[in-house]
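Working notes, beginning with the structure itself.
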Amino acid sequence: MAKTGLVPPDVRFLMSHPAHFIALGFGSGVAPKAPGTFGSLAAIPLFALMVWLWPPIVILSLTGVVFLIGWWAADKTGHDLGVHDHGAIVIDEIVAMWLVLLAVPVNLFWWLAAFALFRLFDIWKPWPIRWFDAKVPGGLGVMLDDLLAALYAVIVLVLGVYLKSVV
């Protein structure tokens, strides 16, 4: 579960190391309230740009690369903040949102549904998300629980897309 640390991240901290800039979602994680929501929102225009530029397989590949970079960045930033999963670390939300958005048609309704369901599962953390969140340390743990929340959202959304197509 995301926690606050002794060092409150600000713009100075954000710009002090490339890992901080990445982990704090290019600035979206320094929001004073609900940084995870701001990180998830930041993912949407980035994803829209990717959809405009590249086919889904390229976006999926890039998402995998950003997952690995995010793992490193979250690990370094958590260490520097003194809390392994500080609430300001939102690269995990960005990567997870990209995966969820890949699973739905490109339109406002499905993107809003993707956002809402991902946030629901990320905040609620049903089993086994909460277990992974508590037991897997470092940057991998930060990234992994959001990946699982994305998987839950994708399952619900794919079912919804299917049901909408047959009704």
Side-chain angles (χ1 to χ4, degrees), residues 1-2 18-31 34-75 77-78 85-133 136 138-167:
M1 179 170 286
H20 302 164
F21 185 74
I22 294 164
L24 300 183
F26 323 110
S28 60
V30 297
T37 298
F38 278 92
S40 299
L41 286 171
I44 296 171
L46 294 171
F47 185 81
L49 178 63
M50 290 190 295
V51 165
W52 185 66
L53 293 172
W54 302 306
I57 190 67
V58 173
I59 298 169
L60 182 62
S61 299
L62 181 61
T63 301
V65 170
V66 175
F67 177 90
L68 294 173
I69 293 168
W71 177 352
W72 162 76
D75 196 62
T77 303
D85 192 0
H86 193 287
I89 298 173
V90 297
I91 190 63
D92 49 336
E93 275 85 6
I94 291 171
V95 167
M97 272 299 301
W98 290 351
L99 291 172
V100 177
L101 291 168
L102 271 170
V104 297
V106 177
N107 72 48
L108 183 61
F109 171 80
W110 288 110
W111 283 19
L112 288 173
F115 173 79
L117 282 168
F118 171 67
R119 291 307 300 145
L120 171 74
F121 289 119
D122 188 34
I123 293 166
W124 177 26
K125 298 191 185 312
W127 186 89
I129 299 170
R130 189 173 307 275
W131 184 88
F132 278 96
D133 186 44
V136 180
L140 178 60
V142 171
M143 300 299 290
L144 194 55
D145 73 302
D146 285 69
L147 195 65
L148 292 170
L151 178 63
Y152 276 57
V154 165
I155 290 168
V156 172
L157 289 162
V158 167
L159 182 61
V161 169
Y162 171 75
L163 291 173
K164 188 171 185 329
S165 73
V166 296
V167 173

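Quick note: residue numbers are just sequence positions, from 1.
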Distance-only criterion, 3.5 Å: show the donor-acceptor pairs between side-chain atoms of residues 157-167 and protein atoms not counting sequence neighbours.
unit_1: Ser165; atom_1: OG; unit_2: Tyr162; atom_2: O; d: 2.6

* Who pairs with Phe115 by ring pair (Phe, Tyr, Trp, His ring centres under 6.0 Å), at least two apart in sequence or on another chain? ->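 With sequence neighbours excluded, Phe115 shows a ring pair (Phe, Tyr, Trp, His ring centres under 6.0 Å) to no residue whatsoever.
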* To do: For Phe121, enumerate each residue passing the ring pair (Phe, Tyr, Trp, His ring centres under 6.0 Å) test, keeping only those at least two apart in sequence or located in another chain.
  =>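 Trp124, Tyr152.
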* Please name the residue in the list Leu68, Val136, Asp92, Ile89 that meets the side chain to side chain contact (heavy atoms under 4.5 Å, CB included) test with Met143. =>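 Running side chain to side chain contact (heavy atoms under 4.5 Å, CB included) over Leu68, Val136, Asp92, Ile89 with Met143 returns exactly one hit, Asp92.
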* Nearest-0.5 Å distance that lies between atom CG in Asn107 and atom CG in Leu112 ->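 The CG atom of Leu112 is 9.0 Å from CG of Asn107, to the nearest 0.5 Å.
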* Asked: Quick one: side-chain contact (heavy atoms from CB on, under 4.5 Å) partners of Leu147, sequence neighbours excluded?
  ->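 By the side-chain contact (heavy atoms from CB on, under 4.5 Å) rule, Leu147 matches Phe67, Leu99, Leu144.
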* With sequence neighbours excluded, what pairs up with Ser28 under the side-chain hydrogen bond (donor to acceptor under 3.5 Å, both in side chains) test? ->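 side-chain hydrogen bond (donor to acceptor under 3.5 Å, both in side chains) list for Ser28, sorted by chain: empty.
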Beyond-backbone contact of [X] with [Y], side-chain heavy atoms, under 4.5 angstrom:
X: Trp71; Y: Val142; answer: no
X: Ile59; Y: Leu102; answer: yes
X: Val95; Y: Asp146; answer: no
X: Trp98; Y: Leu46; answer: yes

* Closest heavy-atom pair and its distance - Asp145, Lys125 ->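 Here Asp145 and Lys125 meet closest at OD2-NZ, 2.8 Å.
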* Asked: Which pairs, with at least one residue in residues 110-119 and sequence neighbours excluded, count as a side chain to side chain donor-acceptor pair (under 3.5 Å)?
  ->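 Checked against side chain to side chain donor-acceptor pair (under 3.5 Å) - neighbours excluded - the pairs reaching residues 110-119 are Thr37-Arg119, Arg119-Asp122.
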